[in-house]
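I have placed the structure first, in the form of structure tokens, so that the comments after it can refer back to it.
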Amino acid sequence: MTSPLTPQAFQILLSLADGRELHGYAIIQDVADRTGDEIRLTASTLYAAIKRMLDGGLIAEVEAPEETGGAPRRCYRITRPGRQLAQQEAERLARTVAMARDKRLLPRRA
């Protein structure tokens with residue numbers, strides 16, 4: 001995977017960027033909460049993206065903690081390359097916002 005990332009992939013990496021190890025449903029909830037439901041991941045979208053990210057070395061599967069509610073769950077953490085790619089994408093988006101400000105599509109910062 002390279003930048004630009006899809007909004008879904010970027011949001012998944014953001015969910016893991018603070019060092020938390022999350023299972024799929026927790027990632028879905030985190031993305032919905034952070035984006036105010038602007039981005040809603042389905043299970044199929046999530047797991048297709050997770051497979052691509054695992055294959056690309058952007059995330060890694062980790063052992064689930066004991067308190068996962070009884071059902072076995074797969075948990076994921078971001079890797080160094082995943083963090084670097086997420087940072088590159090965040091910087092790309094910041095440049096895009098700066099361009100929108102220059103074109104007066106967004107207000108200048110106070």
Side-chain angles (χ1 to χ4, degrees):
M1 279 186 147
T2 59
S3 188
L5 294 170
T6 65
Q8 295 83 359
F10 183 58
Q11 291 299 328
I12 292 166
L13 291 175
L14 280 180
S15 291
L16 302 171
D18 61 2
R20 293 184 296 167
E21 297 175 349
L22 300 174
H23 55 80
Y25 184 67
I27 293 170
I28 288 171
Q29 287 182 307
D30 183 65
V31 170
D33 290 347
R34 280 187 299 99
T35 66
D37 285 329
E38 184 177 321
I39 296 178
R40 300 196 74 181
L41 298 173
T42 63
S44 61
T45 300
L46 173 74
Y47 288 108
I50 282 177
K51 181 178 180 348
R52 287 190 302 275
M53 286 190 246
L54 285 167
D55 291 346
L58 303 178
I59 62 174
E61 192 171 328
V62 296
E63 205 168 302
E66 295 295 323
E67 66 279 352
T68 57
R73 295 182 187 252
R74 293 181 174 158
C75 290
Y76 307 94
R77 68 169 175 78
I78 196 168
T79 62
R80 180 170 285 147
R83 179 174 293 285
Q84 290 170 340
L85 185 59
Q87 183 175 358
Q88 290 170 5
E89 180 67 4
E91 290 167 351
R92 185 189 71 78
L93 292 170
R95 288 189 303 273
T96 302
V97 168
M99 287 179 235
R101 289 187 197 290
D102 287 345
K103 296 292 184 175
R104 296 188 177 109
L105 292 174
L106 293 171
R108 294 251 178 230
R109 290 187 210 179

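Quick note: numbers below take in every heavy atom, side chains included, and nothing from hydrogens, waters or symmetry partners.
You'll find the side chain of Arg92 reaches within 4.5 Å of the side chain of Arg95, heavy atoms only. The side-chain heavy atoms of Ile59 and Arg77, taken from C-beta on, include no pair separated by under 4.5 Å. Side-chain contact check for Glu63 versus Cys75: every heavy-atom pair is 4.5 Å or farther apart. Residues Tyr76 and Val62 are not in side-chain contact: their nearest non-hydrogen atoms beyond the backbone lie 4.5 Å or more apart.
Taking both residues in full, the closest heavy atoms of Gly82 and Leu13 are given as O-CD1, 3.9 Å, listed atom of the first, atom of the second, then distance.
Both Leu14 and Leu54 belong to a common hydrophobic cluster when Ile, Leu, Val, Met, Phe, Trp and Tyr are linked at side-chain heavy-atom distances under 4.5 angstrom. Under the 4.5 Å side-chain heavy-atom criterion for Ile, Leu, Val, Met, Phe, Trp and Tyr, Leu16 and Tyr25 are members of distinct hydrophobic clusters.
Screening Ile12, Leu5, Leu85 for a side-chain contact (heavy atoms from CB on, under 4.5 Å) involving Met53 leaves a single residue, Ile12.
Taken from CZ in Arg20 to OG in Ser15, the straight-line distance is 6.5 Å, to the nearest 0.5 Å. Here CG of Leu22 is found 10.0 Å from CD of Gln29. Values are rounded to the nearest 0.5 Å. Rounding to the nearest 0.5 Å gives a distance of 15.5 Å between CD of Glu21 and CZ of Arg74. Rounded to the nearest 0.5 angstrom, Gln8 CD and Ile27 CD1 are separated by 13.5 Å. Atom CG of Leu46 and atom CD1 of Ile28 lie 4.5 Å apart (nearest 0.5 Å). Here the OG1-CD1 distance, from Thr45 to Ile50, works out to 11.0 Å after rounding to the nearest 0.5 Å.
Within 6.0 Å of atom CZ in Arg101, more than 12 heavy atoms from other residues, nucleotides or ligands are found, so the atom counts as buried in its surroundings. Arg40 CZ: 12 or fewer foreign heavy atoms inside a 6.0 Å radius.
Under a 3.5 Å cut-off, the side chain of Arg83 and the backbone N or O of Ala17 do form a donor-acceptor pair. Without hydrogens or angle criteria, Thr79 side chain to Leu58 main chain gives a donor-acceptor distance under 3.5 Å. A distance-only check finds no donor-acceptor pair linking the side chain of Arg52 to the backbone of Tyr47 [under 3.5 Å]. Counting only distance, with no hydrogens or angles, the side chain of Thr35 and the backbone of Val31 share a donor-acceptor pair below 3.5 Å.
As a member of the Ile/Leu/Val/Met/Phe/Trp/Tyr network built from side-chain separations under 4.5 Å, Leu106 groups with Val97.
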